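None of these values were measured; they are calculated from a predicted model. Residue numbers start from 1 in every chain, and the chains themselves are labelled A, B, ... in the order their sequence lines are given, proteins ahead of strands.
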2 protein chains.
Amino acid sequence: MPDLAGGTIPGMDGAAGRRGRRTSGPTLHDVAREAGVSVATASRAFNGSSTRNVKPEYISRVLAAAERIGYQPHLSAQAIALGSTRTAALVVSDIDDPYFSSIAAGVITAAQAQRLIPTVAIADRSPDRELQIVRTLRGQRPRVIIIAGSRIDGSGTDGALSEELEAYQAAGGRVVLVSQEGLPFSTVAIDNGGGARALAEALVGRGYRRFGVLCAAPAIRTSHDRCGGFLAGLAAAGVPDPTVVETAFTRAGGYDATHELLRGGRPTVDAVVAVNDVMAIGAMTAIRDAGLVPGRDVGVAGFDDISWCADLDPALSTVAVPLHEVGVTAMRLALGDDRGVRVVPVATSVVLRDSTPPR
Amino acid sequence: MPDLAGGTIPGMDGAAGRRGRRTSGPTLHDVAREAGVSVATASRAFNGSSTRNVKPEYISRVLAAAERIGYQPHLSAQAIALGSTRTAALVVSDIDDPYFSSIAAGVITAAQAQRLIPTVAIADRSPDRELQIVRTLRGQRPRVIIIAGSRIDGSGTDGALSEELEAYQAAGGRVVLVSQEGLPFSTVAIDNGGGARALAEALVGRGYRRFGVLCAAPAIRTSHDRCGGFLAGLAAAGVPDPTVVETAFTRAGGYDATHELLRGGRPTVDAVVAVNDVMAIGAMTAIRDAGLVPGRDVGVAGFDDISWCADLDPALSTVAVPLHEVGVTAMRLALGDDRGVRVVPVATSVVLRDSTPPR
DNA sequence: TACGCCCTGGAAAACGTATTCCAACACGTT
DNA sequence: AACGTGTTGGAATACGTTTTCCAGGGCGTA
């Protein structure tokens, strides 16, 4: 097919590429030609190379030409030439969960502030998926990879994941984990244990004694830590062992477990405490469906302080985690000069509202 | 500033690249060498080029070599060679808002299913920011750009935005807008007007007559359409004109406006209807803060049916929008064969719950 | 046995940008 | 006026991949 030279059908393909290749948009060559300078000069005009000056007149001429033909530098080409991209990868379990979307908001905002392009992947709460994602992520050559999942201990993929991340780091990448201490990478460590412990003390202080604790599979680190902290707090306060129910780490899990807990008709617990807010919200609905009034008949508390806790009725008692800040911190940690593993603690604070009135 | 190359101290950089350039990870060359074949063959071994076969033995040898040295193809380099990337860009106003995070979940999931890399940008509800984002997005050369913002009419940037997107499309990109009819691009059109109209009829059917309508600035298209639809529905039902209050398109806006509306002590309206759920949630809280009971004293309704509507007390009446599906549809539309502008309608449906009991 | 064809591997070019190296030039000093 | 120095533009090369083009080998047919 020696069609080239556009001789065939000169209509249609207008600005299309030299060799029939569908080239997308004007290139630096085009700008240079338009401005009457060399590509080298054009390139320098944009990102004024250190150690080199380009005559102001040329700069403005190049900039004008670029503006005129609508040039935008090809980021992939830059990445190739420079040897490093300007993308930052974020892996979350489920972007539709307010816990993750708040963290994501922080990460993305921080990334944009650094002129980085944030990419986000959803792992669907599956360690296998997470591993697979990280693997393909490496092809992207992002500057940083931030993983805000629910670390699952002993999931079998941990070794492979570490290995993958290790290789990524060896190639110059930066890894930051959110709330997943235990793997050998920099981490934003949410004080889950301490917060849960403080919550236990606060609730005992308000007169609660018989607790139903809703936690997820013990392999889910976050749940494990929160649950453990809460139990420790109870023990320290000399309160008898609570009823611990294991369920899914979701709103539905909270609903189901509470439904089960309340089966007998009259409640056997003073309060239901869930390891996160969405579970607690499910619990509140289950309490209502059982014909009881959350807060009055059964106290309810969660964890995270997602944004609409205060808009519930009764407003939900919880442990506040500065999620947005967690995201920003993760990004800052990833971009910091400090190579090597660092753990940045993030404090949590108990917020008592009407869902756990004094009793 | 970029770390002025460790070139001075020759120690340190171990596995670094040939010319001191900080090369990230093994390349196809390395794989080829390791497998004892040429780069061409190695490349073909991975993505078995059409019109070419490579001997099975070589394929497995290459794959084994790649596995051994932990090779991942450099996506930027592929993008350069192929002339097109595998990224899909999503622009949202605020990822922390459940409306957008649900749509984002749909878009991202659909993108991943197509092995595309989703990038997301946050426009912070600012048209200027949005324009700026789209501009820099073009440098990314994404296959598709999906914009789920709150189109703001007459914001002054509309022309420039269209121009930018037009240029992007001309270069082979695909643009899809979510719920922003009016611009000359393919759109997933949420039936805001129809849904609002149906809501009006349903509420009138339940006995409500005096409405307080909370909408945002008329320039915000979504708000405008919903508000207009609701008023039309009321008019059609022969109900007297409601009190329309203009406020911010957020939870705080809903709260403030309702607070104002209820100032006189005894409510002058039967129901408060907000143009989205987060505003309605703010309204419910304001109603409570005024010493009234939402649902019983004042009906409340929203729009979107974000996930926790049913967990509120009273459960929030609203107009359901299949947000996840909207995201998926946007992606499908973007990837479809069909060039040219298409508008895919998405139906909405009224969901009456306890926040608007029969009156 | 010779010819031609299909098949497959390798060398080289291309993608768009940044940068190194070289040449040309202006300017100040002697 | 000659020389050195500092500055600036342009050609060429590199980045990692895909793809084209070319050459060599195996095989069937005449």
Side-chain angles (χ1 to χ4, degrees), chain A residues 1-2 4 16-33 35-59 61-62 66 71-86 139-141 171, chain B residues 2 4-5 7 16-33 35-59 61-62 66 71-86 138-141 171:
Chain A
M1 271 305 195
L4 41 111
R18 344 179 347 176
R19 228 191 45 208
R21 197 71 155 272
R22 187 153 303 278
T23 152
S24 55
T27 78
L28 191 56
H29 273 90
D30 301 327
V31 176
R33 183 156 19 82
V37 300
S38 74
V39 272
T41 308
S43 173
R44 291 195 270 251
F46 286 112
N47 22 25
S49 91
S50 58
T51 78
R52 286 302 289 267
N53 292 335
V54 35
K55 218 196 303 188
E57 186 212 328
Y58 279 90
I59 296 191
R61 205 167 357 138
V62 169
Y71 168 77
Q72 279 292 127
H74 194 304
L75 261 40
S76 292
Q78 282 189 322
I80 286 294
L82 257 18
S84 78
T85 59
R86 292 201 63 81
Q140 228 181 94
R141 303 290 195 280
Chain B
L4 30 126
R18 343 181 348 175
R19 232 191 40 210
R21 199 71 154 272
R22 189 154 301 280
T23 153
S24 56
T27 79
L28 191 56
H29 273 88
D30 301 327
V31 176
R33 183 154 24 79
V37 301
S38 74
V39 272
T41 308
S43 173
R44 291 194 271 251
F46 286 112
N47 23 25
S49 90
S50 58
T51 79
R52 285 304 288 268
N53 292 333
V54 36
K55 217 191 310 185
E57 186 212 327
Y58 279 87
I59 297 191
R61 205 161 6 132
V62 169
Y71 168 78
Q72 279 291 128
H74 195 304
L75 262 40
S76 293
Q78 281 188 322
I80 286 295
L82 258 16
S84 78
T85 59
R86 291 201 63 82
R138 285 187 52 205
Q140 228 180 97
R141 305 287 196 280

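Rounded to whole angstrom, the span from the CD atom of A:Gln78 across to the C1' atom of D:dG16 amounts to 16 Å. Here the P atom of nucleotide D:dG10 and the CZ atom of A:Arg44 are 9 Å apart, to the nearest Å. In this structure, the CD1 atom of B:Ile59 is 9 Å from the P atom of C:dG9, given to the nearest Å. Distance, A:Leu82 CG to D:dT13 P: 20 Å, rounded to whole Å. Distance OH (B:Tyr58) to P (C:dC7): 18 Å, rounded to an integer number of Å. Following rounding to the nearest Å, B:His29 (NE2) and C:dA12 (C1') show an atom-to-atom distance of 11 Å. Look at CD1 on A:Ile80: it is 14 Å from P on C:dT19, rounded to the nearest Å. Rounded to a whole Å, the CD atom of B:Gln72 is 11 Å from the P atom of D:dT17.
Looking only at side-chain heavy atoms (C-beta outward), B:Gln72 and A:Arg141 come within less than 4.5 Å of each other.
A:Val37 comes within contact range of the sugar-phosphate backbone alone, with a heavy-atom separation under 4.0 Å but no base atom that close. If you check every strand for non-hydrogen atoms under 4.0 Å, B:Leu28 touches a base. Across all strands shown, B:Tyr71 has heavy atoms under 4.0 Å from sugar-phosphate atoms exclusively, and none from any base.
Checking C:dA18, D:dT17, C:dG16 against every side-chain atom of B:Thr27, the shortest atom distance belongs to D:dT17. When the nucleotides D:dG16, D:dG10, C:dG10 are ranked by their closest atom to the side chain of B:Thr41, C:dG10 comes out on top. Residue B:Ala40 has its side chain nearest to C:dA11 when only C:dA18, C:dA11, D:dA11 are considered. When distances are taken from the side chain of A:Ala77 to each of C:dG9, C:dG16, D:dT17, the shortest belongs to C:dG16. Between C:dA18, C:dT8, D:dG16, one nucleotide has an atom nearer to the side chain of B:Asn53 than all others, and that is C:dT8.
Considering all non-hydrogen atoms of both residues, B:Val62 and B:Ala35 come closest at CA-CB, 4.0 Å. For the pair B:Thr85 and B:Ala79, the tightest heavy-atom approach, listed with the atom from each and the gap, is CG2-CB, 3.7 Å. When all heavy atoms are compared, the tightest approach of B:Ser43 to B:Asn47 is O-OD1, 2.5 Å. The two residues A:Tyr58 and A:Val37 have their closest heavy-atom pair at CD2-CG1, 3.1 Å.
Comparing A:Ser76 and B:Lys55, the nucleotide of DNA chain C nearest to each residue sits closer to the 5' end for B:Lys55.
Here B:Ser38 reaches the OP1 or OP2 of C:dG10: one of its side-chain N or O atoms lies under 4.0 Å away.
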